[in-house]
Participant: 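Take this structure first; my questions come after.
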Amino acid sequence: MQPVKLKVKQTVVIIPTSPFNFDATVFKPAHFPTPDSFWQPGKRWQTALWRRRPLGLIIENKGTIAKPKVHLHVFSQTGLSKEFLENIKQEIIWRFNLHLNSKDFIERFKTDKILGPAIKNLKGMRPMTHGSLYDFLVITIMLQNAPVRRSIQMMQNLFEKYGKLLEFGSKKLYCLWPAEKLAKVPEQDLRKLKVGYRAKNLLRISLPFAKNEIDEMELRQKLPTEQKKILLSLYGVGPQSVSYLMPDIFHNFDFLEHVPLWERKILSKKIFNTGTENPAPEEKLLKFFGKYKPYKQLAMHYIWEDLWWRHKQSPIDWLIKEVRA
DNA sequence: CATCAGGGCCCTG
DNA sequence: CAGGGCCCTGAT
């Protein structure tokens, strides 16, 4: 496929709240790679379909943990208005939580026995989402009942068939399709991409977005209980998908009702030193994180990410077994 | 070669 | 609220 070259580059400056850990925010080592983004220290490439325009984004570190500064480079086919740029800037601030105030959290738990070391290591890290609610839902559907390796393959197939290849900042990356395009695809075509029964789920999840029945911006304003209810009403979204969506998409950092099995295995070993083959029951983990209220989810994120960053720096044997990528 | 479970969810009884 | 079925694939 010939890439679409995004020749126009415009740059805006963002000053995140301090402290800010750039790399641990924009890159999550436990996430599997998809061909819509690329990371190297100090820089993340990310495609986005924003207000119907395919964009190339580079978010670049220009500051320090104590004095954060970020350049957002926006690549497009034709120039973008000031208003558009400001709009995408605000969206990136939201998605990467660049204006999050985490001082209270840090102060409260920096000496905690389990959480303290993670805070020390990753101080200023934030949860993030790479894209929109729809972008994220596509991933949660492809995660279902499949080993990671297969999820990666399914995402790759989908991007190649229905995505748009963009070239910007000397990288070629795919941009996700518009929901209305996917909603019209015959189920059989999707099945050819070896997504199996997920074809039906992908179609059904695309529909409300194609018909503008789901307004992500509006949902952001609603109470967590309402957000959860609406997410669960979507076909193909269950408790596990919700456990990812509530913090990452809707920034509910105290939301912790469910810990998926593979995370439970890993966290259980880390926290209670159990074997990964017999992890602590979910109840026990939820109870443990109860003490980090009102930051239960944020606390789990720090402990989780800390483990993965350490693993990246010097591989942890037992963790390798749990990643079948 | 067969069998099985995998970073779920829906539907049924 | 428990349990079967769903697509496909790599591991055993």
Side-chain angles (χ1 to χ4, degrees), chain A residues 27-34 127-131 133-162 182 185-208 214 228-249 255-271 274-283 285-286 289 297 300-301 303-305 307-308 311-312 316 318-325:
Chain A
F27 180 69
K28 305 295 178 189
H31 288 187
F32 65 77
T34 46
M128 66 96 168
T129 170
H130 69 290
L133 171 58
Y134 180 67
D135 291 325
F136 206 122
L137 284 168
V138 172
I139 292 184
T140 61
I141 285 170
M142 293 308 142
L143 275 171
Q144 291 169 16
N145 206 25
V148 174
R149 195 188 193 83
R150 192 170 165 217
S151 299
I152 294 173
Q153 193 53 49
M154 290 188 286
M155 287 301 291
Q156 184 74 34
N157 293 346
L158 288 167
F159 270 117
E160 283 175 14
K161 176 92 195 222
Y162 299 110
L182 201 110
V185 172
E187 186 174 331
Q188 276 315 310
D189 289 14
L190 284 176
R191 283 184 180 251
K192 282 187 200 131
L193 303 180
K194 309 205 182 286
V195 300
Y197 65 86
R198 295 168 200 79
K200 181 182 168 194
N201 295 11
L202 185 54
L203 283 173
R204 291 201 44 180
I205 206 91
S206 298
L207 214 56
I214 297 274
K228 181 178 143 190
K229 208 174 103 191
I230 291 169
L231 288 175
L232 284 172
S233 75
L234 298 172
Y235 189 90
V237 177
Q240 165 132 351
S241 300
V242 164
S243 79
Y244 288 149
L245 292 160
M246 287 295 277
D248 290 354
I249 290 289
F255 185 90
L256 187 60
E257 298 182 351
H258 174 62
V259 184
L261 180 62
W262 85 291
E263 294 187 18
R264 222 168 78 215
K265 287 182 187 166
I266 293 167
L267 287 169
S268 179
K269 174 150 178 73
K270 167 81 187 168
I271 296 167
T274 61
T276 50
E277 66 287 352
N278 57 341
E282 183 173 53
E283 303 257 305
L285 268 170
L286 294 181
F289 281 102
Q297 179 66 230
M300 189 170 92
H301 188 63
I303 291 169
W304 176 257
E305 291 297 320
L307 188 62
W308 285 90
H311 172 60
K312 200 172 166 58
I316 301 167
W318 62 265
L319 196 48
I320 292 170
K321 279 197 295 156
E322 297 303 319
V323 195
R324 284 162 293 272

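Below, each value reflects all heavy atoms present in this structure, side chains not excepted, and no hydrogens, waters or symmetry copies. Chain A is the first sequence line, chain B the second, and so forth, proteins listed ahead of strands; every chain is numbered from 1. The structure displayed is predicted, hence computed values, not measured ones.
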Participant: Looking at every heavy atom in both A:R198 and A:A146, which two are closest together, and how far apart are they?
Facilitator: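 The pair with the smallest heavy-atom distance is NH2-CB, 3.7 Å.
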Participant: In whole Å, what is the span from the CG atom of A:L143 to the P atom of C:dC7?
Facilitator: 18 Å
Participant: Quick check on the 6.0 Å ring-centre criterion: do A:W304 and A:H301 meet it?
Facilitator: no
Participant: Give a yes or no on this: more than 12 heavy atoms of other residues, nucleotides or ligands lie within 6.0 Å of atom NZ of A:K228.
Facilitator: no
Participant: Say we look at C:dC7 and B:dT12: how far apart would their P atoms be, to the nearest angstrom?
Facilitator: 15 Å
Participant: Reckon A:T140 touches a base, only the sugar-phosphate, or nothing at all at heavy-atom distances under 4.0 Å?
Facilitator: nothing
Participant: Nearest whole Å is fine: how far is B:dG6 C1' from A:Y197 OH?
Facilitator: 9 Å
Participant: Roughly how many Å apart are C:dG4 and B:dC4, using the P atom of each and rounding to a whole number?
Facilitator: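 13 Å, rounded to whole Å.
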Participant: Classify A:L193 by what it touches in the nucleic acid, base, sugar-phosphate, or nothing, heavy-atom distance under 4.0 Å.
Facilitator: nothing
Participant: Between A:V237 and A:P260, who's closer to the 5' end of DNA chain B by nearest nucleotide?
Facilitator: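 That would be A:P260.
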Participant: Roughly how many Å is it from CG in A:L137 to C1' in B:dC9, rounded to a whole number?
Facilitator: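 Going from CG in A:L137 over to C1' in B:dC9 covers 14 Å.
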Participant: Quick check: closest heavy atoms across A:I230 and A:S233, and the distance to 0.1 Å?
Facilitator: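 Nearest heavy atoms, A:I230 then A:S233: O-OG, 2.6 Å.
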Participant: Would you indicate what A:Y244 reaches in the nucleic acid, counting non-hydrogen atoms under 4.0 angstrom: base, sugar-phosphate, or nothing?
Facilitator: base
Participant: Just by distance, do the side chain of A:Q144 and the backbone of A:G236 share a donor-acceptor pair under 3.5 Å?
Facilitator: yes
Participant: Rounded to the nearest angstrom, tell me the gap between atom CG in A:L245 and atom C1' in B:dC9.
Facilitator: 14 Å
Participant: Give the minimum heavy-atom separation between A:H258 and A:L286, together with the two atoms involved.
Facilitator: N-CD2, 4.2 Å
Participant: Which pairs, protein N/O on one side and nucleotides 8-11 of chain C N/O on the other, fall under 3.5 Å?
Facilitator:
residue	atom	partner	partner atom	Å
C:dC8	O4'	A:R150	NH2	3.1
C:dC8	O2	A:R150	NH1	2.9

Participant: Which pair of non-hydrogen atoms, one from A:S206 and one from A:Y134, has the smallest distance, and what is that distance?
Facilitator: OG-OH, 2.7 Å
Participant: Looking at A:S241, I'd like to know whether one of its side-chain N or O atoms comes within less than 4.0 Å of OP1 or OP2 on B:dC9.
Facilitator: yes
Participant: A:N157: which residues meet the side-chain hydrogen bond (donor to acceptor under 3.5 Å, both in side chains) condition with it, sequence neighbours left out?
Facilitator: A:Q153
Participant: If you measure from CG on A:L202 to NZ on A:K200, what distance do you get to the nearest 0.5 Å?
Facilitator: 13.0 Å
Participant: If I compare all heavy atoms of A:F32 with all of A:M155, which pair ends up nearest, and what's the gap?
Facilitator: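 Closest pair (atom of A:F32, atom of A:M155, distance): CE1-CG, 4.0 Å.
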Participant: Measure from CZ on A:F136 to P on B:dG7 and round the result to the nearest Å.
Facilitator: 17 Å
Participant: Can you check the distance between B:dC9 and C:dG10, where both ends of the measurement are the C1' atom (answer in whole Å)?
Facilitator: 23 Å
Participant: For A:I266 and B:dG7, give me the distance from atom CD1 to atom P, rounded to whole Å.
Facilitator: 10 Å
Participant: Hey, which of these two, A:L234 or A:A30, hits DNA chain B nearer its 5' end, going by closest nucleotide?
Facilitator: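 Its nearest nucleotide lies further toward 5', so the answer is A:A30.
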Participant: So if I take every side-chain heavy atom of A:Q144 and compare against B:dG7, B:dC11, B:dC9, which nucleotide ends up nearest?
Facilitator: B:dC9
Participant: Take atom CE of A:M142 and atom C1' of B:dC9, then tell me their distance rounded to the nearest Å.
Facilitator: 13 Å
Participant: Between A:L202 (CG) and B:dC9 (P), how many Å, whole number?
Facilitator: 15 Å
Participant: Of all the base pairs, Watson-Crick or G-U under 3.5 Å, which form stems of three or more consecutive pairs involving DNA chain C?
Facilitator: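 If one scans DNA chain C for consecutive Watson-Crick or G-U pairs, the stems found are B:2-6 with C:8-12, B:8-13 with C:1-6.
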